[in-house]
There are 2 protein chains.
Amino acid sequence: MRLSSTEENYLKAIYKIAEREKKSASTNTIAKYIGTAPASVTDMLKRLAGKQLINYEKYKGVTLTTYGGREATQLIRRHRLWEVFLASKLRFSWEAVHDIAEELEHVKSEELVNRLDAFLDYPKFDPHGDPIPNAQGKFTLRNQMSLLDAHPGNKVVLLGVREHETSFLQYLNGLNISLGTEFTIKAFNHFDKSMNILIDHTRETLLSEKVCQILLVKKI
Amino acid sequence: MRLSSTEENYLKAIYKIAEREKKSASTNTIAKYIGTAPASVTDMLKRLAGKQLINYEKYKGVTLTTYGGREATQLIRRHRLWEVFLASKLRFSWEAVHDIAEELEHVKSEELVNRLDAFLDYPKFDPHGDPIPNAQGKFTLRNQMSLLDAHPGNKVVLLGVREHETSFLQYLNGLNISLGTEFTIKAFNHFDKSMNILIDHTRETLLSEKVCQILLVKKI
DNA sequence: ATTTAAAGTTAGTCTAATCTAAAAATACCT
DNA sequence: AGGTATTTTTAGATTAGACTAACTTTAAAT
Ligand SMILES: [Mn+2]
Ligand SMILES: [Mn+2]
Ligand SMILES: [Mn+2]
Ligand SMILES: [Mn+2]
């Protein structure tokens, strides 16, 4: 079935909310995520249910059907592949790619996305470290943890970020932190859960609990 | 001003019709070009006139304003740059690129189109030999003529095609004709204006008047 | 110069996607 | 359990972009 960009965005929102909250997505949560009035969401949910994309029961929240989930995954695939293209081929920095990919992801051509995938050499992760589903919708899993769960003495490498907001990514730029950057945990401060971190074996800095929570790393 | 994809498509249609017919575009011509009812065109013309994009006077046909012309040119720039990307980077064949570029052209980011331009090494012509306006909207001019105007004995090289329809381009593929292919005119047949052509110094074939009219060449 | 045909516009309707205001259902609290 | 707060849905409007049917203007033909 041919989906509109708007319908696709709703499916993506439902997918991401379910992933984040590990339960069905509520009307208000979707409204906040998309930035529309709850009444508009209700309208759309009825339409999506009519197209067998979601399971919807009044007042109960929604889940994606198998079919709806497949569509959402393919959209995420397109989004992340375009982000890789923008970053690695057009040299956009990681805070600039998301907004442009929001538009590019709606260009629908199976051939296009698969050729793009090949052109980029089948990347497994996007510029923010998020996994890119393959043509069959399968994500690559990887051992990673929040920096907050690392302990003093640990050496870790940055694999991804949970937050994609421009101002946050620019904050990381300012600290010369990017994917692949290595951290050594020097100390954990119990009173505010902040951490003293040695970046790239050269600069020491303090990272707040909030920032540490966002950074996804693995031990090296 | 922020234009919708639909508005942009109307501007492009008006631009191309004016170019082809060398006069102002009429409601019916636009309707045929876009594939909508004439009444819908009238609606849209009023809106475009309200936004200062076209000069519109009831029953008189329309022309683009300077501002509208600039928008149309930028849209054509985006379209043709994406066609180059699809053909030269993703290895799409020339008959496949147009439909996908029809969607990609509406992704609006000045930064994106300029970086794409640089990534492609500032191409001057698209996969059909059409000129690509630069960031300032300037087209590269080039001496070219229709194959129909060549004479027996002339050696020419194919620079472009006036017709982009899939079935026509596939017909050329079948004859192993692509941009850069060299032709030697062996004979001109007055009764039906067809031509006997030696392709790439190896294969001789007959090309109809219609086909010769479409092929744009220059002498070598 | 009429008449007829073609081209263009107006009027009214439709759908997708949005909104606000009001009503109904569910959840939370004492 | 009853009352209040929160969440969700309904009702009614709006806007962009499309349609058809009917009307008006302009062009062509006798
Ligand atoms: Mn993103
Ligand atoms: Mn991303
Ligand atoms: Mn094209
Ligand atoms: Mn082209």
Is the shortest side-chain N/O distance from A:Asn28 to OP1 or OP2 of D:dT6 below 4.0 Å? no
Just how far, in rounded Å, is C1' of C:dT10 from CG of B:Leu45? 14 Å
Rounded to whole angstroms, how far apart are OH on A:Tyr59 and P on C:dA23? 13 Å
Within 45° of the six-membered ring axis of B:Phe139 and under 6.0 Å from that ring's centre, is NZ or CZ of B:Lys124 located there? no
Between D:dT7 and A:Lys58, is there an OP1 or OP2 to side-chain N/O distance shorter than 4.0 Å? no
Ion pair present between A:Lys108 and A:Glu8, side-chain N to carboxylate O less than 4.0 angstrom? yes
Among C:dT18, D:dT26, D:dG17, find the nucleotide with the atom closest to the side chain of B:Ser4. D:dG17
Please determine whether a side-chain nitrogen or oxygen atom of A:Thr36 lies at a distance below 4.0 Å from atom OP1 or OP2 of C:dT18. no
Heavy atoms of other groups near A:Asp192 CG, more than 12 under 6.0 Å: yes
5'-most by nearest nucleotide on DNA chain D - B:Arg47 or A:Lys60: A:Lys60
Ignoring the backbone of B:Thr42, work out which of C:dT9, D:dA11, D:dA18 is nearest its side chain. C:dT9
What is the separation between atom CD1 on A:Ile30 and atom P on C:dT18, rounded to the nearest whole Å? 13 Å
Using a heavy-atom cut-off of 4.0 Å across all strands, would you classify B:Thr6 as base, sugar-phosphate, or nothing? sugar-phosphate
Respond yes when some side-chain nitrogen or oxygen of B:Lys46 is under 4.0 Å from OP1 or OP2 of C:dT10, and no when none is. yes
Taking only side-chain nitrogens and oxygens of B:Tyr56, does any of them come within less than 4.0 Å of OP1 or OP2 of C:dG8? no
Nearest listed nucleotide, side chain of B:Ala39, among D:dA11, C:dA11, D:dA18: C:dA11
B:Thr27 side chain N/O closer than 4.0 Å to the phosphate oxygens (OP1, OP2) of C:dA7? no
If only atom types and distance count, is the side chain of B:Ser208 paired as donor or acceptor with the main-chain N or O of B:Ser194 below 3.5 Å? no
